[in-house]
Amino acid sequence: MSNPPRLLAEDRADFARLLDEALRDTGVRQALAGPGVHRTAEQLHTKALADADTVAAPAAPEYAHYLALRTALAEHPGGTPPAGAGLFPVLTVLTPVLAGAAGLVLLLLGWLLRAAAPDLALGRSTVTAGVLALAVAAGALLVGGAGLVLTALRDAATHPGHADPQQHADLAEARDAWRTALRERALLPWLHANLAAAPATAPLPAARTAPPDLHSPGYSRAAYSSPGFSSPGAEGLTDSQGQSRPAEFTGPGYSSPDFTSPGPEGLTDDRGRPRPEGPGFTGPNEV
């Protein structure tokens with residue numbers, strides 16, 4: 001079937017019971033005990049219950065026939081379903097309504113005509129027609145009420161327990177056919193097909209590095225030492241091993257500038273020595 005019916009809630013108990021029987025089947029038990037990686041019986045049981053509609057799909061024709069018989073027996077336990085509504089029930093419903101409405105309209109119209117023109121014969125005829133229509137409506141209403149009473153008495157006389165035995169026999173036969181198809185064509189092939197599939201394994205967690213065992217032999221603490229800083233010694237700075245370095249830096253040599261005032265003989269030269277002759281000053285050349 002292209003669109004198989006879904007399992008109803010009242011039929012899932014039969015499905016679970018047949019599933020337990022199929023898991024106890026000899027062929028399934030031998031396959032479960034065989035070597036290799038496969039699902040366990042508990043895993044198969046859980047998966048089959050979760051996918052009950054899919055597993056039971058091969059037995060869908062028998063299940064649809066069983067549902068049809070069961071529905072028919074629940075709706076019409078007497079055997080033959082009632083026929084559609086005939087002409088008489090329709091008339092018993094419509095006649096009082098239509099006749100009553102027509103009678104009221106005719107009476108109202110006739111009274112208006114008689115009030116406007118008392119000598120007019122049409123007003124009296126209209127009132128008479130309205131009275132006749134109301135009488136027909138009342139008669140139809142009485143006939144319809146009597147029919148409803150008779151129908152209620154007839155339905156009350158029909159007891160639900162007096163169903164046709166043949167219907168119960170057909171229903172039991174359809175249920176057995178569905179159960180057989182469900183076990184042989186659905187459950188057992190599904191179990192053998194899904195038995196060899198390996199169960200999904202969860203990913204392994206990442207390896208964690210174990211902390212070092214402080215009490216194990218051969219473990220020593222990490223060696224830490226303070227950095228070698230020292231202040232300058234008396235003679236100079238210390239080296240990387242803490243020993244003093246000789247001072248290699250002296251202050252800059254400064255001396256006062258060599259300036260002398262002019263002597264009695266004359267000015268001094270650029271080295272500060274007195275010149276032998278006096279200042280070489282001559283007057284302007286005379287012409």
Side-chain angles (χ1 to χ4, degrees), residues 1-84 152 154-208:
M1 298 182 67
S2 59
N3 190 14
R6 296 175 59 88
L7 284 178
L8 300 180
E10 55 266 31
D11 298 324
R12 291 186 179 271
D14 289 341
F15 179 85
R17 183 162 52 253
L18 290 174
L19 176 61
D20 294 336
E21 294 179 3
L23 286 173
R24 292 192 296 268
D25 184 74
T26 304
V28 176
R29 294 178 62 183
Q30 290 178 354
L32 287 172
V37 179
H38 50 72
R39 289 188 173 95
T40 62
E42 291 78 8
Q43 291 174 337
L44 289 173
H45 187 273
T46 303
K47 184 174 177 59
L49 289 180
D51 301 335
D53 295 330
T54 305
V55 176
E62 289 80 3
Y63 184 60
H65 180 62
Y66 170 56
L67 284 183
L69 292 179
R70 188 171 66 184
T71 304
L73 183 60
E75 293 179 353
H76 313 295
T80 304
R154 184 184 60 189
D155 292 342
T158 305
H159 195 273
H162 298 163
D164 188 4
Q166 185 62 34
Q167 282 186 311
H168 288 286
D170 293 342
L171 183 64
E173 183 179 355
R175 183 185 181 188
D176 292 340
W178 170 62
R179 288 165 58 89
T180 302
L182 181 62
R183 184 179 186 276
E184 300 297 332
R185 297 207 317 264
L187 287 173
L188 288 177
W190 185 89
L191 290 175
H192 285 288
N194 289 266
L195 183 65
T201 58
L204 296 176
R208 299 177 59 184

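Every value quoted in this text rests on a predicted model; they were computed, and no experiment measured them. These numbers come from the heavy atoms of this one structure, side chains and all, not from hydrogens, waters or symmetry mates. FYI, the numbering just counts along the sequence from 1.
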Task: Closest heavy-atom pair and its distance - P5, A60 - done: CD-CB, 4.1 Å
- [ ] Mind checking the OG1-OH spacing from T71 to Y66? Nearest 0.5 Å is all I need.
- [x] 10.0 Å
Task: Under 3.5 Å: donor-acceptor pair, side chain of H38, backbone of L32 - done: yes
- [ ] Specify whether W178 and Y63 have parallel, tilted or perpendicular ring planes, treating 30° as the upper limit for parallel and 60° as the lower limit for perpendicular.
- [x] tilted
Open item on the list: Does R6, at its CZ atom, have more than 12 non-hydrogen atoms belonging to other residues, nucleotides or ligands within less than 6.0 Å?
Closed with: no
Open item on the list: Could you measure the distance from the CD atom of Q43 to the CG atom of L195? Nearest 0.5 Å is fine.
Closed with: 10.5 Å
Task: From L7, L49, L187, residue fulfilling side chain to side chain contact (heavy atoms under 4.5 Å, CB included) relative to V55 - done: L187
- [ ] Please round to the nearest 0.5 Å and tell me the distance separating atom CG of L19 and atom CH2 of W190.
- [x] 7.5 Å
Open item on the list: I'd like to check E173 versus L69 (side-chain heavy atoms, cut-off strictly below 4.5 Å). Are they in contact?
Closed with: no
Task: Distance in Å, R185 CZ paired with T180 OG1, rounded so as to fall on 0.5 Å steps - done: 9.5 Å
Open item on the list: Ignoring hydrogens, what is the shortest heavy-atom contact between A177 and E62? Give both atom names and the distance.
Closed with: O-CG, 4.0 Å
- [ ] Only one of R175, R179, R70 passes salt bridge (Lys or Arg N to Asp or Glu O under 4.0 Å) with D11; say which it is.
- [x] R70
Task: Under 3.5 Å donor-acceptor, R39 side chain and L44 backbone - done: no
Task: L191 and D25, any side-chain heavy atoms less than 4.5 Å apart - done: no
Task: Interatomic distance, L182 atom CG to D14 atom CG [nearest 0.5 angstrom] - done: 8.5 Å
Open item on the list: If you count every heavy atom of other residues, nucleotides or ligands that lies below 6.0 Å from R29 atom CZ, does the total exceed 12?
Closed with: no
Task: Gap between atom OG1 of T46 and atom CG of D51 - 0.5 Å precision - done: 11.0 Å
